[in-house]
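Being a predicted model, the structure only gives us computed values, none of them experimental. Excluded from the calculations below are hydrogen atoms, water molecules and symmetry mates; all remaining heavy atoms, backbone and side chain alike, are included.
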Number of protein chains: 2
Amino acid sequence: MGARAIGIYSIFVISDNGVVLVLQRATHHTLRALGAALAGLELTAAEINALANLADGRVRSVSRLSAETGTRATTLTGVLDRLERRGYLTRRLDSADRRSFLLTLTEEGRLAAARVRAAVTDLERAALAGLSADQIAGYHAVVAALQEVC
Amino acid sequence: MGARAIGIYSIFVISDNGVVLVLQRATHHTLRALGAALAGLELTAAEINALANLADGRVRSVSRLSAETGTRATTLTGVLDRLERRGYLTRRLDSADRRSFLLTLTEEGRLAAARVRAAVTDLERAALAGLSADQIAGYHAVVAALQEVC
DNA sequence: TATTGTTATACTCTATAACTATA
DNA sequence: TATAGTTATAGAGTATAACAATA
């Protein structure tokens, strides 16, 4: 946020660095940090993202996970293939809608997901330590607003 | 942010959905929205990100752009190759440090970058319309904090 | 007819390491 | 010795379109 003098005019700009550009940058950095923190698990960014969302233990369809992660279903197919091959999750037909698969973490998958979750919350705790609840609420409001117009 | 009752205990969680997970999701969505808005230019996400940062017209080194976009230098090489082949930018040796290249947009590159910038600010304007300066400041504080610990 | 999820294809992104040239 | 940037390689992410099964 800021006002900048240009000649005799003063124009108001949304942000000196835009909310979108810093979003991309922060995403790149956090993905790399999480990958490093979880180096022992040999997970890619998309796998970490999927596991972090699955970590709550709730059973979901692929399309649901797709919406939560922001990853396309075509991409998720490959990600889920790898997680399934690794024994981290199972796909079983949803008897209520037999076009759909229900994703369930295995015991081993729950352990891995818990470690992912821990790494994520560690990072969040460290980052947000000095910030106020209002600032964090503002963050969520902006991100939600970006989501809505996309 | 929220408190959740688990049995007789009430635990405080940093966020119901974590700042990191929503960051990933929002990034996926904005990248897709920008790609669609700029469909005529046939640009990939990394190319859009690079052009959006170069749009201010400042001359930069590859490492500088790498820091700004959050993209690795090895990835940027390919991105810059394509932008250069397209006639959007030039690489020339920095006479002050002859290991380094200075990236400069061509006239055509400036036009493309301006369109990228416009798409980004359009999206930001639409998203941030109903939000307060404090909320946006909170967003920037959180993103900056994430950056610092990564 | 529309939706869920997979497959196929082609291209881009990413990590890692090795390399050249310069500092 | 360290740094800037490129190259090489292999694997992962992405868009698009086509497809089967189901709704």
Side-chain angles (χ1 to χ4, degrees), chain A residues 24-25 27-51 59-86 89-103, chain B residues 24-25 27-51 59-86 89-103:
Chain A
Q24 319 280 341
R25 183 164 60 217
T27 297
H28 279 129
H29 284 140
T30 53
L31 281 175
R32 225 164 297 157
L34 285 176
L38 296 164
L41 288 178
E42 299 287 347
L43 295 166
T44 67
E47 290 163 1
I48 289 173
N49 197 7
L51 283 179
V59 172
R60 310 156 153 72
S61 67
V62 173
S63 67
R64 177 70 202 281
L65 183 61
S66 170
E68 286 177 352
T69 57
T71 313
R72 279 276 162 83
T74 48
T75 306
L76 269 186
T77 296
V79 173
L80 296 173
D81 281 351
R82 265 171 282 135
L83 292 177
E84 191 174 26
R85 203 177 315 134
R86 249 168 138 142
L89 60 79
T90 59
R91 288 187 253 216
R92 64 183 161 78
L93 268 180
D94 181 354
S95 55
D97 180 345
R98 289 157 49 76
R99 295 170 304 184
S100 184
F101 287 110
L102 294 178
L103 306 172
Chain B
Q24 319 280 339
R25 185 164 58 218
T27 297
H28 279 129
H29 284 141
T30 53
L31 281 175
R32 224 165 292 153
L34 286 176
L38 295 164
L41 288 178
E42 299 287 347
L43 295 167
T44 67
E47 290 163 1
I48 289 173
N49 198 5
L51 283 177
V59 172
R60 306 156 156 72
S61 66
V62 173
S63 66
R64 177 70 200 279
L65 183 61
S66 170
E68 287 177 352
T69 58
T71 312
R72 281 276 163 83
T74 49
T75 306
L76 268 185
T77 296
V79 173
L80 296 173
D81 281 351
R82 265 171 281 139
L83 293 176
E84 190 174 28
R85 204 177 314 133
R86 248 168 141 143
L89 62 78
T90 60
R91 286 188 255 218
R92 66 183 160 75
L93 269 181
D94 181 354
S95 54
D97 181 344
R98 291 158 45 79
R99 295 171 302 182
S100 184
F101 287 111
L102 295 178
L103 306 172

| field | Residue list, salt bridge (Lys or Arg N to Asp or Glu O under 4.0 Å) with A:R32, at least two apart or on another chain | value | none

| Quick one: salt bridge (Lys or Arg N to Asp or Glu O under 4.0 Å) partners of A:R99, sequence neighbours excluded? | A:D97

| Taking only residues two or more places apart in sequence or in another chain, which ones pass salt bridge (Lys or Arg N to Asp or Glu O under 4.0 Å) with B:R72? | none

| remark: Taking every heavy atom of B:A45 against every heavy atom of B:L31, the minimum-distance pair comes out as CB-CD2, 3.6 Å

| said: Check the phosphate of C:dT6 against A:T77, side-chain N and O only, distance under 4.0 Å to OP1 or OP2. Yes or no? | reply: yes

| query | Separation of A:L43 atom CG from D:dG11 atom P, in whole Å? | reply | 17 Å

| Residues that A:S100 engages under side-chain hydrogen bond (donor to acceptor under 3.5 Å, both in side chains), provided they are two or more places apart | none

| Whole angstrom value for the distance that separates C1' of C:dT4 from CG of A:L103 | 12 Å

| query | Starting at CG of B:L76 and ending at P of D:dG5, how long is that distance when rounded to a whole Å? | reply | 10 Å

| remark: Closest non-hydrogen contact found for B:V62 with B:L76 is O-CD1, 3.7 Å

| request: List in numerical order all residues of residues 34-41 of chain A for which some heavy atom is under 4.0 Å away from an atom belonging to DNA chain D. | output: none

| remark: Atom CZ of B:F101 and atom P of C:dA21 are separated, to the nearest Å, by 12 Å

| note | Output for pair (A:L102 CG, A:L65 CG), nearest 0.5 Å, gives 12.0 Å

| note | For B:R86, the side-chain hydrogen bond (donor to acceptor under 3.5 Å, both in side chains) test, sequence neighbours excluded, returns none

| query | CG/B:D94 to OG/B:S61 distance, rounded to the nearest 0.5 angstrom? | reply | 8.0 Å

Using a cutoff of under 3.5 Å, can you pull out all pairs of nitrogen or oxygen atoms linking the protein to nucleotides 11-14 of chain C, with atom names and distances?
residue, atom, partner, partner atom, Å
C:dC13, OP1, B:T44, OG1, 2.6
C:dC13, OP1, B:A46, N, 3.4
C:dC13, OP2, B:R82, NH1, 3.1
C:dC13, OP2, B:R82, NH2, 2.3
C:dT14, OP1, A:H28, NE2, 3.3

| request: List the steps, then state whether side-chain contact (heavy atoms from CB on, under 4.5 Å) holds for A:L41 with A:E47. | output: CA-CA 10 Å; A:L41 288 178; A:E47 290 163 1; over 6 Å; no

| request: Report the distance from atom OG of A:S66 to atom CZ of B:R25, rounding to the nearest 0.5 Å. | output: 11.0 Å

| From CG (A:D81) to CZ (A:R91), nearest 0.5 Å | 4.5 Å

Pairs under 3.5 Å (N/O, protein and nucleotides 19-23 of chain D):
residue, atom, partner, partner atom, Å
D:dT22, OP1, A:R98, NH2, 3.3
D:dA23, OP1, A:R98, N, 2.9

| Taking only residues two or more places apart in sequence, or in another chain, which ones meet A:T90 in a side chain to side chain contact (heavy atoms under 4.5 Å, CB included)? | A:T104, A:T106

| field | B:L102 CG - D:dA4 P separation (whole Å) | value | 13 Å

| message | Within this structure, what is the CG-CZ distance for the pair B:L80 and B:R85, rounded to the nearest 0.5 Å? | response | 11.0 Å

| field | Those residues that, when tested against B:R98, pass side chain to side chain contact (heavy atoms under 4.5 Å, CB included) (two or more places apart) | value | B:L93

| request: List in numerical order all residues of residues 61-68 of chain A for which some heavy atom is under 4.0 Å away from an atom belonging to DNA chain C. | output: A:S61, A:V62, A:S63

| request: Round to the nearest Å and state the distance from B:Q24 atom CD to D:dT14 atom P. | output: 11 Å

| field | A:N49 CG - D:dG13 P separation (whole Å) | value | 10 Å

| query | Considering all heavy atoms of both residues, which atom of B:T69 and which atom of A:H28 are nearest to each other, and what is their separation? | reply | O-ND1, 3.1 Å

| request: Estimate the overall bend of the helix from C:dT1-D:dA23 to C:dA23-D:dT1 from the end axes over five pairs each, rounded to 10 degrees. | output: 10°

| task | Find the distance A:R60:CZ to C:dT4:C1' and express it as a whole number of Å. | result | 17 Å

